[in-house]
Structure formats: structure tokens, C-alpha cells
Student: 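To start, I am sharing the structure in question, which I have written as C-alpha cells.
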Amino acid sequence: MTKYVYRFGGGVSDGHGLSKELLGGKGANLDGMASIGLPVPPGFTISTEMCTRYLDEGQAFSDDLRAEVAAGLAHIEGVTGKAFGDPANPLLVSVRSGARVSMPGMMDTVLNLGLNDDTVAGLATTSGDARFAWDSYRRFIQMYSDVVLELDHDGFEEALEIAKEDNGYFLDTEMTAADWQGLVGTYKALVEKLWGKPFPQDVHDQLWGAIGAVFGSWQSERAKVYRRLNGIPHHWGTAVNVQAMVFGNMGETSATGVAFTRDPAKGDRAYYGEFLINAQGEDVVAGIRTPQYLTRTAREAAGAKPLSMEEAMPETYAELAKVFDLLETHYRDMQDIEFTVERGKLWMLQTRSGKRTASAALKIAVDMANEGLITEEEAVARVDPAALDQLLHPTLDPTAVRDVLTRGLPASPGAASGAAVFDSETAQNRAELGESVILVRTETSPEDIHGMHAAKGILTARGGMTSHAAVVARGMGRPCVSGAGTVSIDAKARVMRIAGREVKEGDIITIDGASGEVMLGEVPTVQPVLAGDFGVLMGWADKVRRLRVRANAETPLDCRTARDFGAEGIGLCRTEHMFFDAKRITLVRQMILADSEAGRRAALDKLLPEQRADFTQIFEVMAGLPVTIRLLDPPLHEFLPHEETEFADVAEATGIGVEALRRRAAELHEFNPMLGHRGCRLGVTYPEIYEMQARAIFEAACDVADKSGAAPIPEVMIPLVGTRRELELMKIVVDAQAKAVFAEKGRTLDYLVGTMIELPRAALKAAEIAEVGEFFSFGTNDLTQTTLGVSRDDAGRFLTTYVDKGIYATDPFVSLDIEGVGELIEIAVERGRKTRPNIKLGICGEHGGDPASIAFCETTGLDYVSASPYRVPIARLAAAQAALKNRR
Ligand code: ADP
Ligand code: MG
Ligand code: MG
């Protein structure tokens with residue numbers, strides 16, 4: 001019989017050493033904390049396996065499970081000395097979700113479960129605090145109605161507002177026991193009206209309802225969206241944790257809080273967090289009251305008055321600080337912690353590896369390695385390569401003029417400018433049209449996840465540094481300013497007001513998530529300087545990396561950027577971009593529209609010096625490094641004139657009439673250009689084009705070698721080869737030019753001629769092709785298109801559906817289809833190497849910058865990956881991580 005329920009606390013640890021896969025992250029860590037002797041309220045975890053089973057089997061609970069849960073409850077009762085549903089001494093529990101990886105706020109939790117009309121009186125007696133008992137009961141009804149009964153929560157909030165107004169109160173804390181009791185009556189009536197039945201009084205019904213709801217929340221829309229954005233598989237499921245309640249809302253010696261063992265925004269080694277006296281659970285994150293700082297230093301730095309926890313509860317704080325250190329040493333990572341203080345006693349409710357910004361991730365990894373807590377290699381493995389993207393983002397130009405509207409909390413660093421929008425739908429719609437938007441909300445909730453993702457930055461009027469907006473923005477790498485208290489937002493009227501000024505929907509604003517500033521208009525940005533921790537970690541990464549990293553670049557500027565980011569060569573220099581240059585396009589058109597070889601050669605002769613100049617500049621930047629240059633690839637008609645004036649220009653340059661030119665242009669029309677007259681097919685039919693390009697390459701290479709002494713290593717790449725013969729013909733053309741140029745210049749150079757592998761046939765016939773080709777570069781963009789029979793430009797219409805339905809694990813143009821395209825690559829590698837053991841192998845599609853694809857390149861034994869210049873550091877780190885993983 002499969003075991004589904006694992007108890008923890010009170011000296012018991014059924015889940016000891018078991019995985020997060022089974023217990024969920026929260027469950028595994030509750031068990032972990034309990035077993036190292038930390039004060040954790042007793043409870044039990046229902047495994048993720050049960051969730052999958054429950055969702056698969058039509059949402060029914062088996063008798064086995066019921067028996068196991070009963071035993072779990074008995075465990076909690078034994079440890080606490082309270083009884084579930086007992087009117088004299090009632091046990092209250094929380095029912096908490098917890099997947100393998102944390103999905104903040106995406107799933108549901110119910111607190112104070114076990115209260116009903118009878119037990120509320122018992123709670124009042126045992127706690128000696130009737131006000132607290134009735135407050136807890138109303139919280140429970142409210143939460144249960146929302147999460148389990150799925151009733152609209154507006155009515156509940158309104159009823160509370162009315163109750164306060166009627167009494168002339170401003171704060172929840174002014175409500176008396178009788179006021180709360182009155183509100184409970186209102187709430188129960190509201191439930192009956194909306195749900196059609198009275199609020200469930202049987203505590204066991206309450207419990208099973210909540211367990212079902214937590215499992216069900218795995219399937220909620222927002223959870224699905226979150227999983228899609230974060231690449232979390234749908235089949236994982238969530239665990240359910242049922243745990244004895246502890247109360248932070250039992251008066252002035254009670255509190256609840258959220259803390260990080262280091263600063264999750266900057267990475268500094270300082271406790272970081274917020275707490276609220278006399279409050280419960282979600283109060284801190286929900287931004288209902290403004291929380292107080294944890295440490296005195298943080299409070300003083302912010303110039304805040306309300307005492308920090310360090311000052312208000314020095315003894316409990318000291319105990320908490322010890323727990324922080326213990327947890328960091330135990331889990332060997334920065335922890336994100338939830339705690340509650342019940343009448344002076346500290347309770348730990350959660351710990352997990354904390355989400356952090358990329359710069360914090362870097363700093364923490366480097367610091368921890370220097371502290372000796374982790375090794376250098378572990379530090380390398382700790383930093384998510386994709387997150388480095390954030391660091392390479394521009395920051396605000398410090399010298400620019402700023403029209404500062406207000407200042408909020410610096411919740412997630414980075415700068416962003418865009419049109420202000422006041423709801424997530426608008427954010428998404430405008431972003432889809434290519435507009436940059438800043439999502440402005442009073443506070444965000446998990447329903448805003450798509451809007452936050454679509455936005456370039458997030459601004460909230462309420463909520464602290466650990467609010468939903470702040471946590472999610474940091475995780476997503478979006479700049480965020482939270483708790484900008486002077487901002488008043490009228491989402492209906494689509495306008496916000498700040499100190500007498502108005503910002504309407506669509507007005508451009510800028511936020512600086514590092515300083516908390518909110519500015520009107522767009523503020524210019526500058527490139528960040530990459531040094532310090534970045535350089536240190538990259539150095540460690542380079543030590544363990546086997547794969548070389550090159551860049552895809554075709555302008556001297558891009559090559560410079562790539563080299564600065566550590567590129568060790570160019571893996572793909574596309575030559576067609578050079579043809580689009582305004583000065584040259586007429587010459588290119590002249591060449592294409594010529595109806596004879598002589599006509600083409602006349603145009604090519606004029607293009608030669610231009611093309612040579614391009615390569616000279618690139619070779620100068622990349623001196624001493626390999627540069628792979630792909631000869632002309634796209635269908636010729638891409639260069640054709642469209643406008644009247646463009647035809648006239650060509651006519652004037654060539655002396656051919658506009659009509660004749662039009663006819664020739666029409667002849668070049670193709671039905672399926674992607675599979676048409678392109679790639680080496682151009683070189684086979686018009687060898688003079690490749691001749692000119694090859695000559696330009698060798699002339700430039702010789703010039704640079706003569707001048708600088710550091711000879712570039714040209715690698716001439718023939719695109720879209722499917723047969724050995726194609727490559728052979730093209731190699732003859734290239735070698736002939738090399739020979740001629742070397743004779744003219746009186747010197748020689750090392751160079752290679754190879755091909756892109758971008759057709760399935762080329763992969764299959766790699767053994768033969770390698771007889772001619774000296775290197776293979778996997779052009780995985782086209783190889784994916786030709787293998788899957790999917791056009792990248794047209795896939796948008798069905799791709800999301802395909803990923804949602806699990807047909808493709810991810811977008812195959814972003815992350816390599818390892819099973820299909822990957823197998824072709826493996827075949828080509830094996831067969832190519834058999835013919836030519838030292839054949840050079842690389843990848844130059846978009847996938848060269850994707851960490852999962854890079855891991856595949858490592859295991860397949862490629863020599864290098866090539867990525868766009870800004871992804872070079874990402875590729876270096878990903879290659880290092882892949883090497884580490886492969887070693888194990
Ligand atoms: P989430 O994953 O959204 O943080 P949690 O399950 O952690 O959800 O619970 C939400 C809030 O309720 C947290 O602040 C948590 O600390 C608090 N909470 C959960 N269980 C208990 C409990 N047994 N006693 C007191 N507070 C609790
Ligand atoms: Mg929650
Ligand atoms: Mg939590």
C-alpha cells in the first residue's frame with residue numbers, strides 16, 4: 001500500500017530524508033526544520049502523489065487516505081493536547097499548499113480551520129481572549145469562502161468596511177470582540193445567500209473541503225500560467241500540509257513576519273525582513289497594514305518611526321537571528337523564512353531557498369564561496385544563467401535630467417520606461433502590440449501574473465519589500481517600485497494622481513527599481529559595467545568549462561561587444577546583412593536583376609571592395625580568433641526593389657528599362673522561398689557570387705594578418721548543403737580564390753571550409769559530407785524547421801496550444817527539441833567524426849544561447865556553442881554548469 005501521509009513535529013519526522021518531489025518544498029522543509037530541533041507547529045504532509053491521483057481519479061478521497069489523515073490528526077492532537085472539533089479545547093489547523101518548487105501566491109492556503117459556532121467559544125476560553133477568537137473565526141469564514149467555496153470576496157471586504165465605518169473606526173485593530181462577533185453573523189448570512197447553504201459547521205467537512213481545494217488549486221488558471229512561464233511540468237502536482245495553528249494575532253506580544261537571511265535585492269549579508277505586531281499570516285504580504293522593519297539598521301536607513309523587531313522584541317529577535325544562521329548553515333543557501341510569535345514564543349512556519357535578483361544571486365554565491373560555506377564550483381552551479389540577462393540590462397543614465405514624481409520602495413532593481421497602464425489585461429494587450437508598458441496597481445495579486453510578465457516594470461502604491469509584487473518581480477527579473485504611498489490610483493478612470501499631478505493611461509513613465517524613484521517621461525539609459533562579483537564568478541565558470549563560446553555577430557560593434565563579454569571567436573557571421581546597407585542595395589539589385597553572368601560580375605566587382613572592408617573590420621576586432629563566415633544564404637528576392645523609386649534607381653544604374661526589371665523581378669517570385677533558391681543553391685547556380693565573397697574574405701584576412709601580425713582564422717561556411725557534391729563544388733570555388741589571393745599577396749593563411757548542417761539529409765549523410773567539409777556548424781534554426789516541418793514565422797498560431805497540450809515540451813525554436821532534432825545532431829556528430837576524427841563541431845542557432853540546449857551540446861561533445869553577443873556570458877555560465885553536471 002502506498003503511503004500518502006507523513007507526520008512532522010513533536011519529535012516525529014516521517015518524511016526524514018525524503019524528497020521535495022514527494023513532500024513538496026514546504027513539506028520537506030517543515031520536516032527538515034522540525035528534525036534539526038527548531039520550533040515547528042506539529043502537522044502532516046499529504047504527498048504530491050496523492051494530488052496527481054486525486055486529479056486523475058475524478059477528485060475522490062479513498063478510505064486509505066481518510067484513515068491516514070485521521071492518524072495524522074491524532075498526531076497533532078497528541079503533541080498539542082488539543083482536539084479537533086472539541087468545543088472545550090479546540091485544535092485549529094492550517095491547510096497549506098506546497099509544490100516541489102515554490103510558486104509564490106499561485107496556490108491556496110486556508111488558516112484557522114476547525115472553528116465553528118461551538119469551538120469559537122472554546123477558543124475564547126482557552127486563549128482568554130474573546131476578541132481574538134471572533135477575529136479568527138471571521139478570518140476563517142472569509143478565507144474558506146474565497147478558497148474553498150469560491151465565493152466572490154468583494155462582499156466580505158465591503159461588510160468589514162461598513163462595520164468599521166458604522167463604529168467610526170479607522171483600523172481593524174479597533175474592532176472589539178462584539179464587533180467581530182457581529183461581523184461573523186453578517187458573513188454567515190452572506191455565505192448562505194451566495195452559496196445557498198449554511199457555512200459548514202462540521203470540522204471534518206471543513207478539512208476535506210480545504211484539502212480538495214488545495215489540490216484543485218494546482219489546476220487554477222493562474223497556476224497554469226505560472227507553470228508555463230516557468231517551465232514547470234503540469235504533472236508534478238502539489239502536496240498539502242495540515243499543521244497546528246499558532247497565532248500572531250493574540251495581542252501585543254504576538255507577531256508574524258517574513259524574513260530573508262540576506263538581502264534578496266542586493267545580496268548583502270544582512271538580515272532582511274518585515275513583521276507586524278498582532279497580525280496573522282498573509283497580513284504582511286497582502287500589504288493591508290504597512291509592516292515594520294526587522295532590524296534597527298534597516299529601520300534607521302529608511303527613516304521609519306515604528307520600532308523594528310530587534311528593538312520591540314529583543315529576546316525573540318535574538319532567538320530568530322540564531323535560527324537564521326542555523327538554517328543558512330543547514331541548507332547552505334540564503335533562506336526565505338516565515339515565522340510567527342505567539343505570546344512571546346517563536347514558531348517557524350516555512351523556510352526555502354529565497355528568490356533573489358541576478359545581482360544578489362551573484363553576490364551571494366561569490367560571498368558564500370569566500371565564506372567557505374560552499375565551493376567555487378557550487379557557486380558556479382548556483383547562479384541561473386538566464387538571470388544574468390538582468391545584469392546586462394541598461395541602467396538609468398546618472399547624468400540625465402529626471403522629473404521625479406515620487407519615490408517608493410526599491411523592490412526589484414533595474415530601470416524601465418513605458419506607457420502607464422492600470423490593469424493586467426491592458427498591459428498584456430498593449431505589450432502584444434509591441435509597446436513597452438509599466439503596470440501600475442494599488443497592489444498586485446496572483447491574478448496579475450500575466451500583466452506583470454508583459455510589463456517592462458511594475459509600480460504599486462501599497463505593499464512592502466516582501467509584498468507579492470516585490471517577490472514576483474524579483475523572480476521575473478522585472479524592475480519594481482512598491483509601496484509608493486503618495487500615489488493614488490483610479491483604475492476605473494485609468495489615471496493616477498501624485499501630489500497634484502496626473503498620469504493618464506498611455507503616458508510614459510520611468511521607474512528605477514534600485515532607488516525607488518518614479519519619473520515622468522522616458523529617462524535615457526546606459527550600459528552597466530560588469531566587474532566585481534560578475535568577473536569573479538565568470539572566472540570560476542571558465543575554469544570548469546569545456547565548451548568554447550563564440551558569438552553570432554556581423555558588425556564590428558557587435559563583435560566588440562561579444563569579445564568584451566568573453567567570446568572566443570565568431571560562430572556565425574551572416575553576410576547578407578551587409579548587402580542590405582543603403583549604399584550597396586542598388587548594386588545588389590543590379591547583380592540580382594542582371595540577366596547574364598557578365599552583368600552580375602560587373603555589379604559584383606563593385607561590391608567586392610565594400611565586402612572586403614566589412615571583413616577587414618571584423619578580423620581586426622577578432623584578431624587571432626576563428627571567424628566563421630557564412631556565404632550568401634537568403635532567397636534573392638528578399639533584396640528585390642518594391643517601390644517605384646527603387647526600380648528607377650536600379651534602372652538608372654544599369655541602363656535596363658523599368659519594365660524589363662519588373663519582369664525579371666516577377667520571374668524571381670517563389671511559392672516557398674524557405675525551401676527555394678537559396679543557400680548553396682545560389683552558389684551552385686551563380687558561382688561568381690561566392691567567388692566574390694571568398695575573395696573578399698581572403699584579401700581582408702591577408703591584409704589584417706600583414707598589418708597586425710595576429711592572423712585571423714577564417715572558416716568559410718557553405719549554407720544549406722544536403723549532399724556531398726554541393727559542398728565539393730563550393731569548396732573548389734573557395735579554394736581557388738584562396739590560392740589566387742595567396743599568390744597575389746605572397747603569403748598564406750590557415751583557413752577551413754565547412755558547412756552548416758541544417759537539413760535532415762545533411763545530418764544523415766554526414767559521413768560523406770565530412771569527406772569534404774572540415775567543420776560542421778549546426779544551424780539549428782533551419783534544422784528545427786526542416787526536421788519538424790514547421791515554419792518558425794508561422795508557428796505562432798499553434799505553438800502555445802502545442803506546448804499547453806504537452807505535444808512539445810517547450811518552444812522548439814527557443815530550446816532545442818532534443819529528442820528529434822537532437823538525435824539528428826547526434827547522428828551527424830557520430831558519422832562526421834568517423835570520417836574525420838578532428839572535425840570541428842559547433843552550433844550557431846538561437847539555441848546556442850539557451851542553457852538547456854547548451855547542456856545537450858556538452859553531452860554530445862560539440863567543440864563550441866555560438867550565441868548572440870549579449871548571451872555570451874549566459875552561454876559561458878551554462879557551459880560551465882553543463883560540464884559540472886556531466887562530470888558527476
Ligand atoms: P504561501 O505559500 O502562499 O506563503 P502558506 O501556506 O505559507 O502560503 O501560508 C500563508 C500564510 O499563512 C503564511 O504567512 C504562513 O506563515 C501562514 N500560516 C500558515 N500556516 C500557519 C499556521 N499553522 N499557523 C500560523 N500561520 C500559518
Ligand atoms: Mg498563499
Ligand atoms: Mg508561505
Student: Verify, without hydrogens or angle tests, whether Arg356 (side chain) and Gly354 (backbone) share a donor-acceptor contact under 3.5 angstrom.
Tutor: yes
Student: Nearest 0.5 Å, what's the CE-CG distance between Met519 and Leu396?
Tutor: 5.0 Å
Student: Working to the nearest 0.5 Å, report the span between OG1 of Thr256 and CG of Leu276.
Tutor: 8.0 Å
Student: Checking side-chain contact (heavy atoms from CB on, under 4.5 Å) against Met348, which of Thr340, Leu320, Leu30, Asn29 comes through?
Tutor: Leu320
Student: Search all heavy atoms of Val184 against all heavy atoms of Ile141 and return the closest pair with its distance.
Tutor: CG1-CD1, 3.9 Å
Student: Would Phe260 and Met334 satisfy side-chain contact (heavy atoms from CB on, under 4.5 Å), going step by step from the backbone distance to the final call?
Tutor: CA-CA 7 Å; Phe260 292 82; Met334 184 264 267; 3.8 Å; yes
Student: When you measure from the side chain of Thr186 to the backbone of Gly182, do you find a donor-acceptor pair of N or O atoms at a distance under 3.5 Å?
Tutor: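 Yes, Thr186 side chain to Gly182 backbone: donor-acceptor pair under 3.5 Å.
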Student: Please find the pair of heavy atoms, one from Gly98 and one from Thr238, that lie closest to each other, and give the distance.
Tutor: N-OG1, 2.9 Å
Student: How far apart are the closest heavy atoms of Val523 and Ala400, and which atoms are they?
Tutor: CG1-CB, 3.9 Å
Student: Any idea which heavy atoms bring Ala223 and Met107 closest together, and the distance?
Tutor: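 Heavy-atom minimum between the residues: CB-CG, 4.4 Å.
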Student: For Arg343, does its backbone N or O pair with a side-chain atom of Ser254 as donor and acceptor, under 3.5 Å?
Tutor: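 Side chain of Ser254 to backbone of Arg343: a pair is present.
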Student: Quick one about Asp448 and Ser424 (side-chain donor to acceptor, distance below 3.5 Å, no hydrogens or angles considered), yes or no?
Tutor: yes
Student: Test your reading of the model: is there a side-chain donor-acceptor pair from Asp397 to the backbone of Thr525, 3.5 Å cut-off?
Tutor: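 Not confirmed, Asp397 side chain does not pair with Thr525 backbone.
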Student: Short question: side chain of Ser412, backbone of Arg478 - any donor-acceptor pair under 3.5 Å?
Tutor: yes
Student: Are more than 12 heavy atoms, taken from residues, nucleotides or ligands other than Arg227, located less than 6.0 Å from that residue's CZ atom?
Tutor: yes
Student: Could you state the interatomic distance from OG1 (Thr295) to CD (Glu274), rounded to the nearest 0.5 Å?
Tutor: 10.5 Å
Student: Would a line drawn from the ring center of Tyr144 to the ring center of Tyr187 be shorter than 6.0 Å?
Tutor: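 Ring-ring flag for Tyr144/Tyr187: false, centres at least 6.0 Å apart.
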Student: Rounded to the nearest 0.5 Å, what separates atom CD1 in Ile508 from atom CD1 in Ile438?
Tutor: 8.5 Å
Student: Checking Thr253 against Thr316 for the side-chain contact (heavy atoms from CB on, under 4.5 Å) test, could you report, in this order, the C-alpha distance in whole Å, the side-chain angles of both residues, the deciding distance, and whether it holds?
Tutor: CA-CA 10 Å; Thr253 56; Thr316 324; over 6 Å; no
Student: Check this for me: does any side-chain nitrogen of one of Arg430 and Asp423 sit under 4.0 Å from a carboxylate oxygen of the other?
Tutor: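 Looking at Arg430 and Asp423, the cut-off is not met.
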Student: Does Asn230 reach the main-chain N or O of Tyr226 with its side chain, forming a donor-acceptor pair under 3.5 Å?
Tutor: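 Yes, Asn230 side chain to Tyr226 backbone: donor-acceptor pair under 3.5 Å.
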Student: State, yes or no, whether a side-chain contact exists between Leu439 and Val421 at a heavy-atom distance under 4.5 Å.
Tutor: yes
Student: So, do Gln243 and Lys26 sit near enough that their side-chain heavy atoms are less than 4.5 Å apart?
Tutor: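 They are not in contact (no side-chain heavy atoms under 4.5 Å apart), so the answer is no.
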Student: Report all side-chain donor-acceptor pairs from residues 150-159 shorter than 3.5 Å, counting only partners two or more places apart or in another chain.
Tutor:
| unit_1 | atom_1 | unit_2 | atom_2 | d |
| --- | --- | --- | --- | --- |
| His153 | ND1 | Glu157 | OE2 | 3.4 |

Student: With Leu405, which of Thr510, Leu459, Ile511, Val503 fulfils side-chain contact (heavy atoms from CB on, under 4.5 Å)?
Tutor: Val503
Student: Quick one, Phe140 and Ser136 - any side-chain contact, counting heavy atoms below 4.5 Å?
Tutor: no
Student: With a 4.5 Å heavy-atom cut-off, do Asp135 and Met175 have their side chains touching?
Tutor: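 A side-chain contact is absent here, since even the closest heavy-atom pair is not under 4.5 Å.
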Student: On a heavy-atom basis, which atom in Ser482 and which in Gly463 lie closest, and how many Å separate them?
Tutor: OG-O, 3.5 Å
Student: Could you go step by step and tell me if Val518 and Val487 meet the side-chain contact (heavy atoms from CB on, under 4.5 Å) rule?
Tutor: CA-CA 10 Å; Val518 181; Val487 176; 5.8 Å; no
Student: State whether Arg269 and Asp367 are salt-bridged, where the test is any N-O pair (Lys NZ or Arg NE/NH1/NH2 against Asp/Glu carboxylate O) under 4.0 Å.
Tutor: no
Student: Verify the distance criterion only: is there a donor paired with an acceptor across the side chains of Gln280 and Asn112 at less than 3.5 Å?
Tutor: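 Yes, side-chain donor-acceptor contact under 3.5 Å.
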Student: I'd like to know if Arg139 pairs up with Asp283 as an ion pair, taking the criterion as any Lys NZ or Arg NE/NH1/NH2 lying under 4.0 Å from an Asp or Glu carboxylate oxygen.
Tutor: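 Asp283 and Arg139: salt-bridged.
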Student: Just wondering, are more than 12 heavy atoms of other shown residues or ligands nearer than 6.0 Å to NZ in Lys322?
Tutor: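 Check fails, neighbour count at 12 or below.
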Student: Counting only N and O atoms by type, is there a donor-acceptor contact under 3.5 Å from the side chain of Arg96 to the main-chain atoms of Asn241?
Tutor: no
Student: Taking the side chain as every heavy atom from C-beta outward, state whether Leu327 and Leu38 have any atom pair closer than 4.5 Å.
Tutor: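 Result yes, sub-4.5 Å side-chain heavy-atom pair found.
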Student: Working to the nearest 0.5 angstrom, can you tell me the gap between Trp347 CH2 and Phe247 CZ?
Tutor: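 That separation rounds to 11.5 Å.
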Student: Answer yes or no: is there a side-chain heavy-atom contact under 4.5 Å between Met103 and Ile232?
Tutor: yes
Student: Does Arg262 pair with Glu328 as a salt bridge, N-O distance under 4.0 Å?
Tutor: yes
Student: Got a sec: does the CD of Glu161 have more than 12 other heavy atoms crowding it under 6.0 Å?
Tutor: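 Correct, the count exceeds 12.
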Student: Could you give me the CA-CA distance, side-chain angles and deciding distance for Arg501 and Asp403, then say whether salt bridge (charged side-chain N to carboxylate O under 4.0 Å, His left out) is met?
Tutor: CA-CA 12 Å; Arg501 301 174 69 180; Asp403 178 0; 2.9 Å; yes
Student: Donor-acceptor pair, Gln206 side chain versus Leu113 backbone, under 3.5 Å?
Tutor: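 Not confirmed, Gln206 side chain does not pair with Leu113 backbone.
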Student: Evaluate the salt bridge (charged side-chain N to carboxylate O under 4.0 Å, His left out) criterion for residues Arg222 and Asp108: first the C-alpha distance (whole Å), next the side-chain angles of each, then the deciding distance (0.1 Å), finally the verdict.
Tutor: CA-CA 11 Å; Arg222 64 182 197 228; Asp108 291 330; 3.1 Å; yes
Student: Within the distance-only criterion (no hydrogens, no angle test), does the side chain of Arg441 pair as donor or acceptor with the backbone N or O of Phe422 below 3.5 angstrom?
Tutor: yes
Student: Can a donor-acceptor pair be found between the side chains of Glu311 and Ser308 at a distance below 3.5 Å?
Tutor: yes
Student: What's the separation between atom CE in Met452 and atom CD in Gln428, rounded to the nearest 0.5 Å?
Tutor: 13.5 Å
Student: Are more than 12 heavy atoms, taken from residues, nucleotides or ligands other than Lys266, located less than 6.0 Å from that residue's NZ atom?
Tutor: no
Student: Using every non-hydrogen atom in the two residues, find where Ala177 and Ala130 come nearest and quote the distance to one decimal.
Tutor: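 Closest heavy-atom pair between Ala177 and Ala130: CB-C, 3.9 Å.
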Student: What do the steps show when you test Leu294 against Glu310 for side-chain contact (heavy atoms from CB on, under 4.5 Å), and what is the final call?
Tutor: CA-CA 6 Å; Leu294 208 62; Glu310 188 175 5; over 6 Å; no
Student: Please tell me whether Thr486 and Thr406 have a donor and an acceptor in their side chains that are separated by less than 3.5 angstrom.
Tutor: yes
Student: Under 4.0 Å between a side-chain nitrogen and a carboxylate oxygen: does that hold for Lys355 and Asp384?
Tutor: no
Student: In the structure I gave you, are the side-chain heavy atoms of Lys224 and Glu221 within less than 4.5 Å of one another anywhere?
Tutor: yes
Student: So, Thr176 versus Asp179: side-chain donor-acceptor pair below 3.5 Å or not?
Tutor: yes
Student: Using a 3.5 Å distance criterion without hydrogens, assess whether the side chain of Thr357 forms a donor-acceptor pair with backbone atoms of Ala360.
Tutor: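 Present.
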Student: Between Thr444 and Val472, is any pair of side-chain heavy atoms under 4.5 Å apart?
Tutor: no
